[in-house]
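Read the structure below first, then the notes.
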Amino acid sequence: MRTVSLVPSLTEAVAVSAPGCLVGATDWCSHPAGLDVTRVGGTKNPDMDRIVALAPDLVIANEEENRAPDLAALRAAGVEVLVTEVRDVSQAFRELARVLDACGVGSRPRWLDEAEAAWSSPPLPERRTTAVVPIWRRPWMVLGRDTFAGDVLARLGVDHLYATHEDRYPRIGLDDLRAAAPDVVVLPDEPYRFTADDGPEAFPDLPCALVSGRHLTWYGPSLAEAPRVLSEALRAAHR
């Protein structure tokens with residue numbers, strides 16, 4: 001099975017579960033470390049000719065991360081494309097199983113069992129807290145409705161304040177974000193790379209939790225440690 005992955009989290013899932021299956025991945029596919037495959041551009045601007053030249057049996061994609069016209073072009077070129085949809089943790093596990101089966105993984109990988117076990121009883125705070133979760137600045141954008149990351153946080157006892165917004169990633173002005181007065185501002189390091197010097201200074205009177213975007217937004221092997229890693233970061237913000 002020759003597979004090209006256009007989704008970083010799925011790249012990691014396939015690479016650790018079916019070594020040798022992947023022949024291509026995006027420039028953003030950073031895990032596992034040392035992955036030796038042909039790079040095919042970005043998730044939003046993949047190199048179609050390079051993908052087709054790899055003669056893949058399957059391209060794995062995601063309805064949010066990849067553009068429909070690109071996937072249609074691959075199908076028109078005779079390439080089979082599997083498109084995932086992941087809006088919550090439960091759906092992530094179902095889609096991961098579907099992807100691994102399509103890639104010819106014969107037995108269920110251990111990391112997937114460990115991830116499901118970790119999310120069956122995640123660590124919870126003494127009380128639920130509220131958050132705003134910026135994913136970009138200039139302009140400021142935050143998590144809105146129906147997102148995987150929002151479900152991840154909800155399962156850890158954190159309710160983000162724009163979960164019922166009509167947009168999935170609404171643009172909200174900084175003054176409005178501050179006025180929302182969340183218990184914590186959650187700042188991931190992707191897609192925008194928030195750091196200790198870039199993000200917290202915009203919310204001087206609010207606790208800020210700098211978290212790993214891989215643990216907040218990826219659905220793959222990182223799911224096994226995500227509950228612990230994220231919970232520790234959230235607790236640290238309140239100290």
Side-chain angles (χ1 to χ4, degrees), residues 1-120 148-149 151-152 190 212-226:
M1 171 68 74
R2 294 173 59 81
T3 302
V4 172
S5 173
L6 301 181
V7 184
S9 54
L10 296 180
T11 296
E12 183 179 17
V14 173
V16 303
S17 306
C21 175
L22 280 177
V23 295
T26 76
D27 299 342
W28 299 104
C29 294
S30 57
H31 288 72
L35 181 65
D36 184 18
V37 297
T38 298
R39 299 295 174 162
V40 298
T43 58
K44 305 296 186 187
N45 57 342
D47 187 322
M48 296 292 147
D49 292 337
R50 187 174 296 176
I51 294 172
V52 173
L54 288 171
D57 300 301
L58 181 69
V59 170
I60 51 178
N62 176 262
E63 51 88 29
E64 179 176 24
E65 292 201 47
N66 308 118
R67 300 188 318 125
D70 292 333
L71 305 183
L74 287 172
R75 291 190 178 101
V79 177
E80 182 177 351
V81 180
L82 186 160
V83 182
T84 59
E85 178 182 308
V86 177
R87 302 293 178 88
D88 58 41
V89 173
S90 297
Q91 191 175 31
F93 288 128
R94 293 194 299 272
E95 291 288 65
L96 282 165
R98 185 165 73 100
V99 167
L100 295 179
D101 181 66
C103 290
V105 178
S107 58
R108 186 179 173 87
R110 181 176 179 179
W111 67 261
L112 190 52
D113 286 333
E114 292 174 347
E116 289 209 82
W119 282 102
S120 67
F148 172 75
D151 186 60
V152 164
E190 61 175 78
S212 160
R214 177 168 169 263
H215 291 105
L216 180 63
T217 65
W218 288 34
Y219 35 91
S222 58
L223 280 171
E225 59 185 13

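The figures here come from the full heavy-atom set of this structure, side chains too, leaving out hydrogens, waters and symmetry mates.
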Between [X] and [Y], which heavy-atom pair has the shortest distance, and what is it?
X	Y	result
Phe148	Leu223	CZ-CD2, 3.9 Å
Pro46	Ile51	CB-CD1, 3.9 Å
Met1	Ala102	CE-O, 3.1 Å
Val81	Arg75	O-NH2, 3.6 Å
Val79	Val52	CG2-CG2, 4.4 Å

Worksheet item: With respect to Thr84, which candidate in Ile60, Asn66, Asn62, Leu96 satisfies the side-chain contact (heavy atoms from CB on, under 4.5 Å) definition?
Response: Asn62
Discussion item. If you count every heavy atom of other residues, nucleotides or ligands that lies below 6.0 Å from Arg108 atom CZ, does the total exceed 12?
Written reply: yes
Worksheet entry | Distance in Å, Leu54 CG paired with Thr3 OG1, rounded so as to fall on 0.5 Å steps | 11.0 Å
Item to complete: State the CG-SG distance between Leu100 and Cys21, to the nearest 0.5 angstrom.
Response: 9.5 Å
Discussion item. Using side chain to side chain contact (heavy atoms under 4.5 Å, CB included), reason through Val99 and Tyr219 one step at a time and then give a plain yes or no.
Written reply: CA-CA 12 Å; Val99 167; Tyr219 35 91; over 6 Å; no
Item to complete: Report yes or no: does Arg2 contribute a side-chain atom to a donor-acceptor pair with the main-chain N or O of Val23 at less than 3.5 Å?
Response: no
Worksheet item: Is the backbone of Ala97 close enough, under 3.5 Å, to the side chain of Asp101 for a donor and an acceptor to pair up by distance?
Response: no
Worksheet entry | Qualifying residues under side chain to side chain contact (heavy atoms under 4.5 Å, CB included), relative to Arg50, sequence neighbours excluded | Thr38, Val40, Asp47
Worksheet item: Which pairs, with at least one residue in residues 87-100 and sequence neighbours excluded, count as a side-chain hydrogen bond (donor to acceptor under 3.5 Å, both in side chains)?
Response: Glu63-Arg87, Arg87-Asp146, Ser90-Arg155, Glu95-Arg98
Discussion item. Quick check: do Arg39 and Cys29 have side-chain heavy atoms less than 4.5 Å from each other?
Written reply: yes
Using a 3.5 Å cut-off and no angle test, enumerate the donor-acceptor pairs between side-chain atoms of residues 9-17 and protein atoms at least two apart in sequence or in another chain.
| residue | atom | partner | partner atom | Å |
| --- | --- | --- | --- | --- |
| Thr11 | OG1 | Ser5 | OG | 2.7 |
| Thr11 | OG1 | Val7 | O | 3.0 |
| Glu12 | OE1 | Arg214 | NE | 3.4 |
| Glu12 | OE1 | Arg214 | NH2 | 3.4 |
| Glu12 | OE2 | Arg214 | NH2 | 2.6 |
| Ser17 | OG | Ala13 | O | 2.7 |
| Ser17 | OG | Trp111 | NE1 | 2.8 |

Worksheet item: Which residues pass the salt bridge (charged side-chain N to carboxylate O under 4.0 Å, His left out) test with Asp70, sequence neighbours left out?
Response: Arg67
Item to complete: Report the C-alpha distance between Thr43 and Leu6 in whole Å, list the side-chain angles of each, state the deciding distance to 0.1 Å, and finish with yes or no for side chain to side chain contact (heavy atoms under 4.5 Å, CB included).
Response: CA-CA 6 Å; Thr43 58; Leu6 301 181; 5.7 Å; no
Worksheet item: Excluding sequence neighbours, so at least two apart, what forms ring-ring contact (aromatic ring centres under 6.0 Å, His included) with His31?
Response: Trp218
Item to complete: Only pairs at least two apart or in different chains count here, so list each salt bridge (charged side-chain N to carboxylate O under 4.0 Å, His left out) that has a residue in residues 15-37.
Response: none
